[in-house]
Amino acid sequence: MPRDLPKAYDPAAIEDRWAAYWVEEGLFDQPHAADTTSARAHPVFSVLLPPPNVTGRLHMGHMLEHTEIDILTRWHRMCGNLALWIPGTDHAGIATQLMVERQLAEEHKTRQQLGREAFVERVWQWKQHYGAAILDQMRRLGTSVDWSREYFTMDGPRSAAVREAFVRLYEQGLIYRGAYIVNWCPRCQTAISDLEVIHEEQQGKLWEIRYPIVGENGFVTVATTRPETMLGDVAVAVHPDDERYAHLHGKMLRLPLTGREIPVVTDSWVSREFGTGAVKVTPAHDPNDFAMGQRQGLPSISVMGETAHMNAAAGAYAGLDRYKARQRVLADLEAQNLLAGVRDHVHAIGKCDRCKTVVEPLLSTQWFIRIQPLADHAIAAVEQGYIRFTPEQYSKTYFEWMRNIHDWCISRQLWWGHRIPAWHCAACGKITVARTTPEVCSHCGSNRIEQEKDVLDTWFSSGLLPCSSLGWPEHTPDLDAFYPTRLLVTGFDILFFWVARMIMLGCHFMLDEPMADGSKRTLQDAVPFREVYIHALVRDADRQKMSKTKGNVIDPIQVVERFGTDAVRFTLAAMAAPGTDIAFNEDRTDGYRAFANKIWNAARFIFMQMERAADAGIVSDLHQLGAEPENDAPLEARWIVSRLNRTAGEINQALGEYRFHEAANTLYSFFWGDFCDWYLEVVKLRLDFTAAPTPVRSAPVRSALATLLSVFESALRLLSPFMPFISEEIWHALYENHPPARSIALTRYPQAREDLVDSAAEQQMERTQGLIVAVRDMRRQLGVEEKATVPILLRVAPAERRDIEQNSDIISRLAKVSSIEFVDSMPEGAGVRSAPGFDVAVVYERTIDVAAECERLKKELARFEKEISNADRQLSNEGFLAKAPANVVEGLRRRAAELTVLIPKNRAALDSLNCNQ
RNA sequence: GGGCGGCUAGCUCAGUUGGUUAGAGCGCCUGCCUUACAAGCAGGAUGUCGGGGGUUCGAGUCCCUCGCUGCCCACCA
């Protein structure tokens, strides 16, 4: 027998072995070119791994996400679903480029020095290294993904999908190119989308500047936070109804420092309350001004370049950095007495999400997606309930954003990414957009064409993943079988970046695509996933957000090495209440390491019993034994089987609602509380091979062993999605390395069987447990030696006496009772415990600690009295009786009846001990 | 400027549609090496559910308000 398990569980000794086994055996791979009829015959559970960026290592948030997806995937797989979890990594354009630039900087090099081609080659090297490391970590964590379908957002099939998507959108007129105000990062040297700008409140200044009126004495005073951009002013705007400025409509102003003349225009966007009510208009450097410029037909003057230095149009200020220029402008205005005032002003300043450089709104030629048509479908998909969010509140956030969406700037002036499939013609200046690299300009036939240098926003390719990971734009069997994916699990931080984009792109491209049966997909089947589960943020033990700068980042691999993967997974699951951030606390993990050890030792115990049974020649093959308890089976067997089924029901329900914490806690308390603490202790009674004077070749022993094994095996299966390693190891040992399947992960998940839920047995067991606990407590109070057995006096209703007698061996063993004497009334003065259903006293020579007992009784009495007065009040309230559900009323009546019995007993005990003297 | 969440035992957190006595882990106190497990066993103590008001027969749970505290979104210079 290979069951010579070490006394303490050592995760390190088994985890690598199983992690490798699962991958090598391809246990979680689905056949390619899947038979779609079989896919339709089975429920499908398909899920996409949110691709980790190839920027570094996995962090705790990844581990939470992967644990949650893995639990669900393993669960669905064991429930008989065709489960497919596709893994992959993201090239993460700007983020990865930044990492490599930093690496270069350490070598005192820049990407410009390397040149585009060499630089991109260098990033590929980085990707090889870090991408592989991330996937290794995933294997280490036991994620049950389909490695045969692994993707990278810049590999061949995904690049083809990106090109197809771009070209189609272009052909549909949904992509345009033009000069607009964009968010420009002067450090990254690229445009970024609105989402990549993070706003931070900052204490700044609001300057008031006088613009002289041409041909008159006097000024218009404008207020601005960006004085340096005044060099690009093309107008001053006032509200049309603002009487203060009515006389100036149509007049010209002389722009200070430049002498240029600019008009006063009216625009109802201007707020009369803010500043002076007159606003300088700088279309090239402010999004609002740009919009106004368009409305008013004003020109744009760019005075700042891509590095946020003033350009030639800034005249004397050319070459100055924007902040330097600001100082100089202010000083010059001051000198000319044109600075009317300055005051403190708090405003939000935009910074680059990646490098934290202050973003500059710049006029720049970029590619955009006309987003409204896509957004319309995306809104409808959620409104119609084709996509559901959990927690539900996120759908509100989603709508909020989607209904106020702006066109998406998809071009980036980066080198790492999907290069836009557009070619500029040097001859005719027109653009050719094509799926395959063209030889000549499609407009004039010239061969002087050059591909667009810009690359696409990284989210363009990841936004296509639900389709592209299944083979789109090809019409593949995978797409037929697994699209829409069933679920997306991700963090709220990429709700707009990624989730929203996937919904828009998925709905757009999959609508009207053929399904497996040849019919066209409607919106319902075009969505990229049917449900979105938004998980929490993992914080440190002090609820602080983990960040490199704070130095509080927990490396999952390190924690895993200390406590074992299963313990960390279980910690995350047990703390993952939907909608609540997780304060990751290692104390908790230590507790679950102990849980793993508990499971391990339960297995050791069971293996010992099996060996003994084999040695005694009781059974040849334990696994052949029937598992269901007979009607005359002992209480503990009927009880544990009932508890198992109830537990299975609760876990299945909880997992179906993404209530990981509830599932984990239910499992924990079942295994430790019910199975180990009670059931195993009682079962020892049935399996007492040594004590039996006669040969133990008896049916009861076989029956006990059968239940023990069956319940334990079921518990392991319940456990396996949460703790795949230890459950796999023990399961194989249980079957002596000849298990009925290659992995416990391929067995069936236990489902609740109503016919095995035995409420009567549960109630009886609860009463028995109550009695045992009462006796144990009295023993402690009386100071009975741990090993001594003592007689008890017991008073129960005659009807229950038989139950107690039947289970007297359980009581004797677990409460160390030598004999039970049934009495009709308790003797005076003895330490008596009263509970609903029984009074019990321990017979022992020592007397109890009267003071302590009085205190206990008084506390209990106070609690009872409060409770009965509550109960009486409610029961005499007609509204309650009329409106409360019958079971609630009935429950309260029963409790009141119990209290009516218990309270006098309590008082009598207090009297007999003279507690009140 | 809009919107969302949190406040429950010493600590970290559960508590689904309002329903009988508000729970867990860790920590704490007491006693045990009981031959699966001392990473264990048995027993115990601990809460005016942030304050106030309201709805209801009944509120930790729903509504209003106040306080503290996070977070997201936002083109008022």
Side-chain angles (χ1 to χ4, degrees), chain A residues 5 7-9 181 194 199 206 222-226 237 269-271 273-276 278-282 286-291 345 347-348 361 393-394 396-397 400-401 404 406 492-493 495-496 537 541-543 545 574-575 577 579-585 587-588 590-609 653-654 657 659 661-662 665 668-669 676-677 680-681 684 690 773 776-777 779-781 783 785-787 816 856 863-864 866-867 870-871 873-874 877-885 887-896 899:
Chain A
L5 302 185
K7 193 168 168 183
Y9 173 54
I181 278 276
D194 293 347
H199 296 273
L206 188 65
V222 302
T224 181
T225 56
R226 303 275 331 256
W269 172 82
V270 177
S271 159
E273 290 74 37
F274 190 90
T276 61
V279 55
K280 61 197 254 339
V281 184
T282 324
D286 183 283
N288 293 312
D289 294 6
F290 181 78
H345 177 63
H347 66 291
Q393 62 190 61
Y394 283 106
K396 209 177 151 185
T397 313
E400 189 68 23
W401 186 78
N404 295 294
H406 300 300
F492 65 87
D493 51 330
L495 183 61
F496 308 137
L537 199 66
D542 300 320
R543 299 202 65 76
K545 209 167 172 172
M575 299 188 80
T580 312
D581 283 351
I582 292 173
F584 188 84
N585 193 334
D587 291 347
R588 202 69 189 258
D590 204 34
Y592 293 122
R593 177 178 64 153
F595 181 47
N597 193 55
K598 188 77 181 173
I599 297 161
W600 188 257
N601 276 286
R604 289 181 64 224
F605 169 78
I606 289 163
F607 294 164
M608 271 177 58
Q609 306 308 314
Q653 170 146 19
E657 295 165 6
R659 307 171 68 80
H661 69 298
E662 202 174 288
N665 289 328
Y668 180 93
S669 61
C676 291
D677 288 349
L680 287 186
E681 291 309 314
K684 285 175 181 172
T690 52
V773 168
R776 282 171 175 169
D777 185 26
R779 288 175 58 107
R780 181 190 60 85
Q781 233 186 0
E785 294 82 359
E786 201 66 29
K787 286 177 180 167
K816 297 203 179 68
R856 187 189 71 79
R863 208 171 59 231
F864 286 167
K866 188 178 161 202
E867 206 185 325
N870 273 335
R873 187 163 38 77
Q874 295 227 66
N877 184 319
E878 281 178 29
F880 174 73
L881 296 177
K883 291 179 189 168
N887 62 322
V888 172
V889 177
E890 184 46 40
L892 197 59
R893 281 221 171 93
R894 202 164 39 236
R895 179 61 183 166
L899 290 167

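In what follows, every chain begins at residue 1, and chains take the letters A, B, ... in the order their sequences are listed.
- The residue A:Asn597 sits close to a base: some heavy atom pair falls under 4.0 Å.
- Residue A:Arg895 places a side-chain atom within donor-acceptor reach of the base of B:U21, judged by atom type and a 3.5 Å distance cut-off alone.
- Contact annotation for A:Gln393: backbone-only contact, meaning every heavy-atom pair under 4.0 Å involves sugar-phosphate atoms and none involves a base.
- Residue A:Arg659 is in sugar-phosphate contact alone, with no base atom involved, counting any heavy-atom pair closer than 4.0 Å across all strands shown.
- Within 4.0 Å of A:Ile181, counting heavy atoms only, lies no atom of the nucleic acid at all.
- Spacing between B:A59 and B:A77 at atom P, rounded to whole Å, works out to 48 Å.
- If you check every strand for non-hydrogen atoms under 4.0 Å, A:Val281 touches nothing.
- Stem regions annotated for RNA chain B: B:1-7 with B:67-73, B:10-13 with B:23-26, B:28-32 with B:40-44, B:50-54 with B:62-66, counting only runs of 3 or more consecutive pairs of Watson-Crick or G-U type with both contacts under 3.5 Å.
- Residue contacts shown for A:Trp269 include a base, since a base heavy atom lies under 4.0 Å away.
- Both A:Asp587 and A:Ile606 sit near RNA chain B, but only A:Asp587 has its closest nucleotide nearer the 5' end.
- Contact between the side-chain N/O atoms of A:His661 and the OP1/OP2 oxygens of B:G15 is found at a separation under 4.0 Å.
- Distances shown here put a side-chain N or O of A:Arg776 below 4.0 Å from the OP1 or OP2 atom of B:G43.
- Between the side chains of A:Arg604 and A:Asn601, at least one donor-acceptor pair of N or O atoms lies under 3.5 Å.
- Between A:Glu867 and A:Arg895 there is a salt bridge, since at least one side-chain N of the basic residue sits less than 4.0 Å from a carboxylate O of the acidic one.
- Not counting sequence neighbours, the partners of A:Glu681 by the side chain to side chain contact (heavy atoms under 4.5 Å, CB included) test are A:Lys684, A:Leu814.
- In this model, the phosphate group of B:C41 is approached by a side-chain N or O of A:Lys598 to a distance below 4.0 Å at OP1 or OP2.
- Phosphate proximity of B:C4 to A:Lys396: present, with a side-chain N or O under 4.0 Å from OP1 or OP2.
- Closest heavy-atom contact between A:Thr276 and A:Ala223: OG1-N, 3.8 Å.
- A donor and an acceptor atom sit less than 3.5 Å apart, one in the side chain of A:Glu681 and one in the base of B:A36.
- Regarding contacts with the backbone of B:A38, a side-chain N or O of A:Lys7 is found under 4.0 angstrom from either OP1 or OP2.
- Within 4.0 Å (heavy atoms only), A:Asp677 reaches sugar-phosphate atoms of the nucleic acid but no base atom.
- Among the protein residues, A:Pro287 comes within range of no part of the nucleic acid, since none of its heavy atoms lies under 4.0 Å from any strand.
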